[in-house]
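Take a look at the structure below.
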Amino acid sequence: MAQLHVLMGADTVRVRPAIRRIGLADLKDALARGLADFSAIPTHAIFLCLIYPIVGLVLARAILGYALLPLLFPLAAGFALVGPFAAIGFYELSRRREQDLDISWEDAFDVLRSPSRDALAALGFLLLVIFAIWIAVAQAIYVANFGYQPAASMPHFIRQVFTTPEGWMLIIVGNFVGFLFAAAVLIVSVVAFPLLVDREVGAVEAVLTSVRAFAANPIIMAIWGLIVAALLVIGSLPFFFGLAVVMPVLGHSTWHLYGKLVEPDPSPRPEYRPRERARRYAADFPAALFPSRSKDQS
């Protein structure tokens with residue numbers, strides 16, 4: 001029953017989100033508003049994004065240390081596959097700023113108290129599975145062209161890729177397959193995660209809404225995908241540290257893109273706040289561990 005709720009959402013949710021058609025001007029405005037959000041709260045965004053350059057450097061060191069150079073590019077490209085889930089904190093920050101609410105970096109974690117948190121986790125797990133499949137496929141493409149013999153060094157690997165017929169085949173096939181993976185993730189997630197942050201819906205409804213949004217605006221969504229890919233490449237070039245700026249800007253921009261693609265919900269989402277707990281004092285120990293029955297019954 002719980003799994004059905006995660007997939008389908010609450011029984012009371014019956015109206016499917018309405019989709020709008022948008023144009024290039026909307027993409028430009030979404031990016032401008034995303035940049036404005038980043039400029040307004042840069043310290044929060046950079047703090048949340050430090051994980052990306054750190055993880056990127058750890059992955060690069062692990063790959064270089066274990067002579068797994070062929071996976072360096074697939075792992076870097078994989079940021080685009082898990083990015084929609086990783087940016088949920090930025091969606092929440094943009095949502096709060098849009099409503100003129102107070103903002104702190106802790107507000108990015110309010111999604112953990114959202115009624116759709118289980119659906120968010122389910123879709124996040126789906127993206128991780130897609131990412132793992134992509135890495136396995138990328139490894140298989142390399143083996144099909146160069147066999148199981150690892151590259152001796154970085155210069156040797158670069159020469160292998162750019163100066164041999166097998167290397168050119170690796171580039172062509174690898175980029176084509178990677179494009180298919182990125183397109184699939186874009187179609188199922190372009191508005192799915194912002195929708196789950198904004199409303200109480202199930203994972204299936206969120207994915208279907210994303211598919212409908214892409215189907216209603218295929219060219220514009222394709223252009224958006226190219227913009228995302230280009231910015232991620234630019235952000236990854238200086239040892240992944242550019243992602244500390246690119247990721248929050250794209251995250252904030254995606255929230256505003258969602259607002260242009262999906263009609264607003266007529267019933268506003270309630271604000272979820274942590275339950276206040278009564279203060280406890282050291283003198284109350286260990287009695288505080290055993291609440292009195294009279295308090296429980298009151």
With a 4.5 Å cut-off on side-chain heavy atoms, are Ile187 and Ser210 touching?
no
Notebook entry, point to check: Side-chain contact, heavy-atom cut-off 4.5 Å: Leu250 with Leu232?
Noted result: yes
Cationic N near anionic O, under 4.0 Å, Arg95 to Glu92: yes
Answer whether the closest heavy-atom distance between the side chains of Phe125 and Val129 falls below 4.5 Å. yes
**Item:** Pro17 and Leu195, any side-chain heavy atoms less than 4.5 Å apart
**Value:** yes
The complete set of side-chain hydrogen bond (donor to acceptor under 3.5 Å, both in side chains) pairs with one or both residues in residues 22-31, sequence neighbours excluded, reads Asp29-Lys260
Residues at least two apart in sequence or cross-chain that pass ring-ring contact (aromatic ring centres under 6.0 Å, His included) with Tyr258, listed by chain then number, are Trp255
Q. Can you tell if the side chain of Gln160 reaches within under 4.5 Å of the side chain of Glu166, non-hydrogen atoms only?
A. no
**Message:** With heavy-atom distances below 4.5 Å as the criterion, would you say the side chains of Phe131 and Ile135 are in contact?
**Reply:** yes
| request: Assert yes or no for the condition that the ring centre distance of Phe38 to His252 is strictly below 6.0 Å. | output: no
d(Met169 CE, Ile172 CD1) to nearest 0.5 Å is 6.0 Å
- request: Taking the side chain as every heavy atom from C-beta outward, state whether Ile220 and Arg21 have any atom pair closer than 4.5 Å.
  value: no
So the ring-ring contact (aromatic ring centres under 6.0 Å, His included) pairs with at least one residue in residues 183-231 (sequence neighbours excluded) are Phe85-Phe193
| request: Side-chain contact test, heavy atoms from C-beta onward, threshold under 4.5 Å: evaluate it for Thr209 versus Arg16 and give yes or no. | output: no
